[in-house]
Structure formats: C-alpha cells, structure tokens
Amino acid sequence: MQSPFLRCEPRVAHAVSRVPVPARPGIDAQRSTDFPHRVRRLTGRLGASPPCLAPVKPLAPIRQDWQGWSFLQRKDAMKAMTPLEELRHSASHVLAAAVLRLYPEAKLDIGPPTENGFYYDFDLEHKFTQEDLEKIEATMREVIKENQRFERIETSREEAEKLIRERGQEAYKLGRLEDIPEGDTVSFYRNGEFVDLCAGTHVNYTKKIKAFKLLSVAGAYHRGDEKNKQLQRIYGTAFPTKQELEDYLERLEEARKRDHRKLGRELKLFHIDEAVGQGLILWTPAGAILRQELQTFIASELRKQGYEQVFTPHIGKLGLYRTSGHFPYYKESQFSPIVDHEALESLAHEGCSCAELSNRLDEGKIDGYLLKPMNCPMHIKIFDSQPRSYRDLPVRLAEFGTVYRWEQSGELNGMTRVRGFTQDDAHLFCTEDQLGAEIQGCLELVKTVFTTLGMKDYRVRVGLRDPDSSKYTGEPALWDRAEAALREAVKTLGVDYAEEPGEAAFYGPKIDFVVKDVIGREWQLGTVQVDYNLPRRFGLSYVGADNKDHVPVIIHRAPFGSMERFTGVLIEHFAGNFPVWLAPEQVRLLPITDDQLPFAEELERTLKAAGIRCAIDRHSDKFGAKVRRAELDKIPHMFVLGKKEVETGKITLRSRVNKAAEGQHSVDEAVALLTEQIRNRTLPDGFSG
RNA sequence: GCCCUUGUAGCUCAGUCGGUAGAGCGCGUCCUUGGUAAGGACGAGGUCGGCGGUUCAAAUCCGCUCGAGGGCUCCA
C-alpha cells in the first residue's frame, strides 16, 4: 500500500519479517525524488472540529457576539476562515442539513471547506447516486430559501456530549469532540433544525449561499485511515455569485480539454494498453520525439556541468537491494522478485509454498533478482568499482534509468502515476566541503529546465528534519551543514520556497519541486536530496588529502523526476501546443492543389536535410480543411504552397499562434527562422506559463 | 487495495418495454484542384471488454472477472 520509497520507517517490516531493521533502510533517494508521487492535498486539513448535527431540539445558550472569540488557540492552529471558506463551510452545513432531511438516519462526520469547494462525509447505508445529488441540491435550496440564521453555541464538554447523543450523532462526533484539546471552548453551530459540532466560522444567513453545486460522491475513509470505515463523501463547490460559479465550472471544463490523457490520445503521444499492463507507458513515435528532445536537452546541460553518462541494467540481485535497505522493507511497492528456474524447480520438489518462498526471499535464504525500483545502488557500484581519491570528486553519474514500482491500481493515472518510469537520475558523490556547491549546481539545473519550458507555477519545498525526532541517520552536525547548504542554495534560486521541518528524508534533507496538474492535483517533479545513509551502508570511501579514508556524501537528484510524469505535466502545461523544438511535427506543408506537390516534396527534402521535422498534407481537401487539420494537430508552423509560391520560390508562413499569414519568406529564410527557434528553444508566442 | 461511476467501430457517442447494432468524425476509393478552421459520393471497419447464467431470443437482465474515470489511503 504505500510507496515506501521515501519513507524511512520500516513500517512495512512487520508484515513479514522481524529481521532487525537495517539502520534505516535505504533509500534512495530516489524516492522522493524520484518519484513521482502525488503530494498530499491540502484539503481537509482544517483540523477543527467538524460539524455535526442532529434533529431539532431547543438549544442551549446562544452566543451571538462571538466576534472576540479566538480561533487560533487550538494547538493545530485552526485558522480563522476567509470569507470564501466561510461561505463554503456554511454550504457544507446546509448540505448536511439537507441530507438529514432526506435521510434522517445518516451519521455525520465532518464537512470542511477545501481549496476549490467543500465536502461532507456521511455514513449511510443508502448509496448516493447522481439523482440523489440533484434531490439533495433541491433540498439545499429549500434550506437556503428559509434563510436560516447561523448561530454559534458554546457549551461545556458534558453538554456537548449530551447534545450529540440526543441527536443520535455519537458515531463520529463524539470522537471529534474528544479531539478538541482540553481547555479549548467547545462550540456548535445551528441553522434551522440543524446543529453541528463546529469551531466555525460561518456566514450569518443561509441566503448568503447564492451559488453552489454538488459535484460528486466518493468513498473516503473516516479520518483518512483505511482501517476505518469508508464513508461517503459528497463534494460540492460554492461561490459568492452565480457568475463566479459558472466561470469556475467553465474553467474546469477547459482544464479537462488539456488533460494529458486526452491530448495524449488525440496527438498520438502515448498509449497504454491493457494487454501490456496497467501503468506501463508505450511511447508512440510522436511522443518518443518529445521525450528524445527533452533527454537531449537535459543531457547537454549535464555535460556542461561535468556529469558522466552511465547505463545500468533493469534488474539486479536481491542482495544489492538488501544492502541498500529496499528489500524486503519496501517490497510491497516493488514487483515480486524473479527467481531462476533451477531454484524454483528444486523448491517445487520439496513442496515449498508461496508463503514459504516469500519468507525465504525475505530472509535471504534464496536469492533472486529484482526489477530495479531505483538506480542508486547500481550507480554506487560504479563509483565503488575503483579506488577514489578526493581529487576525483565530485563524481557525477547520470542515467536515464528506468525503474519499476508496484503502485496501487487505484493510484495509477495516465503518465503521471505509473508502474514503470524513467528517471533523469544522477548521483553525485562528493566531499562534505563540496556539498554546497554541488547542491547549487543541481538547483541551477532545475531552474534552467523550468525556465526553458516556461514553467513558473511551481512551488519549492525544503524538507528539513524534525528537531524532535531521532529517526534520522547521520550526525546532527552534518545535518546542520547540509540544511544550511540547501537553504543557502535555494536562496540563490530567486523563487519562493517553504521550509518544512519534518519533511526531510530520514537519510538527509531535500528540496522538491512540486507542480499542479489541470485538475489542481499536485505532483512532485524534480528533487535534490542529500544522503548520508547509503554511502555507509555500501561502505563507500575515498582517500582524502590526509591519506585517510573518508565517507563521501551522495546527492540524488532528478530535475524532471521521471520522463513519464514530466511529459504528462508538460502536455498539460502547453495544452499540446509545444514549442517548436519539442513539437513532434514542426512544419506542415500545405500545397493548395496537387499541382504544388512536387514543390512540396522538394521543400520537404530541404527541410529534412536541415533537421526540421515536417510532413506534407496530401489530402485532396480544400485548402481550408488542410489548415484546420494542421491547427487541430497543433503544428507550430504551416507553409502555404500555391501557384504564387511555386513561381516566386517563396513560401507563405502561417504559424499556430498568429493565425494570419505571416508573409512570404524564401526557403532559406524560413529554414533559418525555424532553426533559430529550435536552437533557442523558443517558447510559443504569447505563451505564459 | 477500498467506495462510487463506467466499458457499443480508431475517436466521441446513440441504441426505447430483451428480438443477433447506428451516427458523426477519422480511414479507403472516386469525383472535385479549391488560397488560411470542414467540398461531394460511395465504401471498409464492431462476436456491443471478457467468462458464465436466466431466456425461444441478451449490447440490453443476473453473477464473476478485467480495464478505465473520480475519490480515499500512502508516498521519510
């Protein structure tokens, strides 16, 4: 269930063996880095006590002047809500009220506002359907029409418990009540017959909720723990005005149009085939060009920075991953080990069960191979293949390394969450003293990549250790230096960043780059991680100037993260309108009639010779249809070839962005223009990241 | 993995109360040779995700299964 790669706690260990956990199972940094995983959503974070409710009944003291009330006294710092959050939170109460009117037996959990709306979790035998949502919406409108006042009620704990029980909402609300720290005030909010344990705040009357819509139903575990009961979560959104709601829904619709899964199919960039397997990407020719260009780009940057390219196999012995600490501790997120025929046969002869086989693999009594879940152990072996002197450092080994991880099927998502992916991975082996400069180099690389692609909408997270925890490996002094180095380096980036204590990997601090997809989900792309763990686990060393052995530090870094995820994000980022250097087809040649075909063919040879990717539209359609086709295919440039062009030997240019004709150019000029755009990796005109 | 939704031609979809399937786009052929987002005609494509069951008869009903989508969970 989880993809452990980044975690340090061997929490999977109990499943199978109790072998002493290697001091911090490895990690490779990759992980985080590497990989792709979705970052926690911010929603649902408002810790406060959620709402709840119950049947009608006279209520106790009502305090209407709650203004002076401090909502910040809760330990988890419940923040005062913004007006929009208040509106949405209020809408969630109205939702709950409506659900109770229709299904009095529903048990309520919580209903906070989220980044784009709100939700409320219900425990109810009846499964909500789309039609139910419409009914509930109608009932919500009734509640709103009644223009109920939202009133705050503060009670003692005893009263609160009594109130909850009277309303038959003890199932979840009592637990939520217990969450409220001793000493904090317990409050309820009431509107009409609905009363809910709630810290607030709310709008004053239900009529303030003018524009809302229920969007979907989804399963959600109580308190987000899959061991708990799964509740039904109804999602909705609300805005101050109808216009804003409509705009939002329209934007959602627009966003869906640039979904990389949709564009990937339309532009024939990649394919996922059931027969091949879930989460396994087939890069079609057009997509392969895209990836190839990206890799060429990054490889050239790496060369500038003194990296050396290596290649390593897709599988390696289990022992290697035992040393790194990945096996068996993270085996739940790996494909099962591969055991050779002979071993398998002899095991079969002795009647060994699958469980037994699994145990023996875990305990190291049988060897096997693992489809590699990360590249670092192999790069480490390359580093360790010869004696190293401090004069050799830093050693920077780079590889577009393909790794495989067993992601839960429900987590798979197009190209952004897959089971086989290629990291633009590299491991830097350096001395303590070199750490700062190397980290900075890594960040510069990430910045170069993001800038070149016009990606401005990302956030940078500096993961530091939690000062109160002892789970980290490595000397505190080293950590201090590494953290200082990261901080220092990130400042030179010139972008906003957030330091997040407790977000470090157990083996070292890190910096992650996170971007959002069209639906607003966050994905981690690039990362730079410092690792004090693996060098020790693998017993790495170099000879220092003092003629003594020293342990190098490893930096794991991947500016793209994975080619798959990055490409998926990039497709959405550009909405398929790639800059010329990335466009699978850079120029479409459009002969106005078949008479210009020979001219087009000659031109095609010229362009190809110049390294420009182009194709001729040979359909016998009218010219307008050819233009339309090229537009739909999102080709950056069209060369119009008619009688006039053949006579003058010049082509008429029409580019994707400036629809209109852009004048005539000699073939040489046109080639020069395109070559320039390709070489400079020019972003599309008018593109704003 | 769990919850909900979903699976009909390459794509987007329609298929009323069960009677062995349709459209548009795309593709092919022919006609058309036309200057900046769709010219016309004809045609080829589907054992309706798969397996079982009910029925005289199933794309339509039931069960199982595989895949997809949206969530949840995890991601040190």
Side-chain angles (χ1 to χ4, degrees), chain A residues 1-12 24-29 31-32 34-41 43-44 119 121 127-130 215-235 259 261-262 265-266 268 271-275 277-278 330 332-333 405 407-414 417 463 465-466 469 471-473 502-510 519 521 524 529 533 590-597 619-632 638 640-645 652-654 659-662:
Chain A
M1 333 179 278
Q2 34 256 134
S3 72
F5 290 101
L6 303 180
R7 352 172 71 202
C8 47
E9 294 256 322
R11 53 136 89 153
V12 191
R24 270 39 221 240
I27 324 319
D28 59 122
R31 324 8 109 220
S32 356
D34 50 359
F35 160 11
H37 28 269
R38 204 207 298 170
V39 174
R40 167 203 331 148
R41 305 203 47 179
T43 45
Y119 67 79
D121 286 344
K127 301 294 179 202
F128 292 123
T129 63
Q130 197 55 42
L215 300 172
S216 61
V217 189
Y221 296 101
H222 173 53
R223 293 180 185 282
D225 186 336
E226 59 189 326
K227 287 193 274 301
N228 289 340
K229 179 155 188 186
Q230 188 160 47
L231 310 178
Q232 297 187 74
R233 174 170 298 177
I234 295 182
Y235 279 97
D259 187 311
R261 291 165 299 190
K262 178 175 157 66
R265 186 170 52 241
E266 291 172 353
K268 301 183 175 62
H271 175 63
I272 297 175
D273 197 295
E274 268 186 57
Q278 294 179 283
Y330 297 131
E332 307 225 342
S333 50
R405 297 188 187 166
E407 299 289 343
Q408 294 189 77
S409 63
E411 283 301 346
L412 299 173
N413 182 285
R417 187 70 178 252
R465 70 193 191 282
D466 175 352
S469 172
K471 67 187 180 186
Y472 304 98
T473 185
E503 288 298 309
F506 74 86
Y507 49 84
K510 60 176 186 157
I519 327 229
R521 290 182 293 209
Q524 178 180 306
Q529 309 190 356
N533 180 50
L590 307 181
I592 296 201
T593 75
D594 289 352
D595 292 341
Q596 289 84 44
L597 269 176
H619 291 266
S620 67
D621 284 314
K622 286 170 71 169
F623 183 64
K626 297 184 185 183
V627 170
R628 177 169 191 270
R629 187 154 37 234
E631 287 287 346
L632 291 177
M638 292 172 227
V640 180
L641 313 173
K643 206 184 275 183
K644 213 166 41 183
E645 286 76 10
T652 299
L653 179 66
R654 173 189 163 118
K659 309 293 181 195
E662 289 186 23

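Atom set for the values below is all heavy atoms of this structure, side chains included, hydrogens, waters and symmetry mates excluded.
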message: Assuming nearest nucleotide by heavy-atom distance, tell me which of A:H222 and A:Q232 is located more 5' along RNA chain B.
response: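 Upstream on the strand: A:Q232.
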
For the side chain of [X], starting at C-beta, report the closest nucleotide among [options].
| X | options | value |
| --- | --- | --- |
| A:A625 | B:G35, B:C72, B:G39 | B:G39 |
| A:R417 | B:G1, B:U36, B:C74 | B:C74 |
| A:S620 | B:C4, B:A37, B:G34 | B:G34 |
| A:R233 | B:G35, B:A37, B:C72 | B:C72 |
| A:E274 | B:G39, B:C3, B:G67 | B:G67 |
| A:V627 | B:G39, B:G71, B:A37 | B:A37 |
| A:K643 | B:A37, B:G35, B:A38 | B:G35 |

Please name the pair of heavy atoms, one in [X] and one in [Y], separated by the smallest distance, quoted to 0.1 Å.
| X | Y | result |
| --- | --- | --- |
| A:N533 | A:Y507 | CB-CB, 3.4 Å |
| A:I272 | A:G414 | CD1-O, 3.8 Å |
| A:E645 | A:T652 | OE2-OG1, 2.5 Å |
| A:K127 | A:Q232 | CA-OE1, 3.5 Å |

Expressed in angstrom and rounded to an integer, what is the separation of [X] atom [atom1] from [N] atom [atom2]?
| X | N | atom1 | atom2 | result |
| --- | --- | --- | --- | --- |
| A:R628 | B:G35 | CZ | P | 18 Å |
| A:I272 | B:G49 | CD1 | C1' | 17 Å |
| A:K622 | B:U33 | NZ | C1' | 11 Å |
| A:H271 | B:G67 | NE2 | P | 15 Å |
| A:Q408 | B:C72 | CD | P | 13 Å |
| A:D594 | B:C30 | CG | C1' | 13 Å |
| A:K644 | B:G34 | NZ | C1' | 14 Å |
| A:L412 | B:C74 | CG | P | 17 Å |

message: One thing to verify: whether A:D225 and A:R223 come together as a salt bridge, which I'm taking to mean a side-chain N less than 4.0 angstrom from a carboxylate O.
response: no

query: Hey, is A:R628 close enough to A:D621 for a salt bridge, meaning N to O under 4.0 Å?
result: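 Answer for the salt bridge query: no.
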
Is the base of [N] touched by the side chain of [X] through a donor-acceptor pair closer than 3.5 angstrom?
| X | N | answer |
| --- | --- | --- |
| A:Q230 | B:C2 | yes |
| A:Y221 | B:G1 | yes |
| A:D595 | B:U33 | no |
| A:E645 | B:G35 | yes |

Using both distances under 3.5 Å as the test, list the Watson-Crick or G-U wobble partner of [N], or none.
| N | answer |
| --- | --- |
| B:G67 | B:U6 |
| B:C61 | B:G53 |
| B:G18 | none |
| B:C30 | B:G40 |
| B:A23 | B:U12 |

Closer than 4.0 Å, any side-chain N/O of [X] to the OP1 or OP2 of [N]?
| X | N | result |
| --- | --- | --- |
| A:N413 | B:G70 | yes |
| A:H619 | B:C27 | yes |
| A:R265 | B:U12 | yes |
| A:Y235 | B:C72 | yes |
| A:Q278 | B:G67 | yes |
| A:S216 | B:G71 | no |

Describe the nucleic acid contact of [X] in one word from base, sugar-phosphate, nothing, applying a heavy-atom distance below 4.0 Å.
| X | answer |
| --- | --- |
| A:G624 | sugar-phosphate |
| A:G463 | nothing |
| A:A504 | base |
| A:A218 | base |
| A:L215 | nothing |
| A:D621 | base |

If the [atom1] atom of [N] is compared with that of [M], how far apart are they to the nearest Å?
| N | M | atom1 | answer |
| --- | --- | --- | --- |
| B:A14 | B:G22 | C1' | 7 Å |
| B:U54 | B:U16 | C1' | 22 Å |
| B:C27 | B:A68 | P | 28 Å |
| B:C51 | B:C66 | P | 15 Å |
| B:G40 | B:U32 | P | 16 Å |
| B:G50 | B:C11 | P | 15 Å |
| B:A58 | B:G19 | P | 11 Å |
| B:U8 | B:G69 | P | 14 Å |

- prompt: Are the side chain of A:E407 and the backbone N or O of A:R417 linked by a donor-acceptor pair below 3.5 Å?
  reply: no

Donor-acceptor pair, side chain of A:K229 and main chain of A:H222, under 3.5 angstrom: no

- prompt: Syn or anti for B:G10, taking syn as within 90° of 0?
  reply: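 Chi for B:G10 falls in the anti range.
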
message: Are A:K643 and A:D595 packed together at the side-chain level, in the sense that at least one heavy-atom pair is separated by less than 4.5 angstrom?
response: no

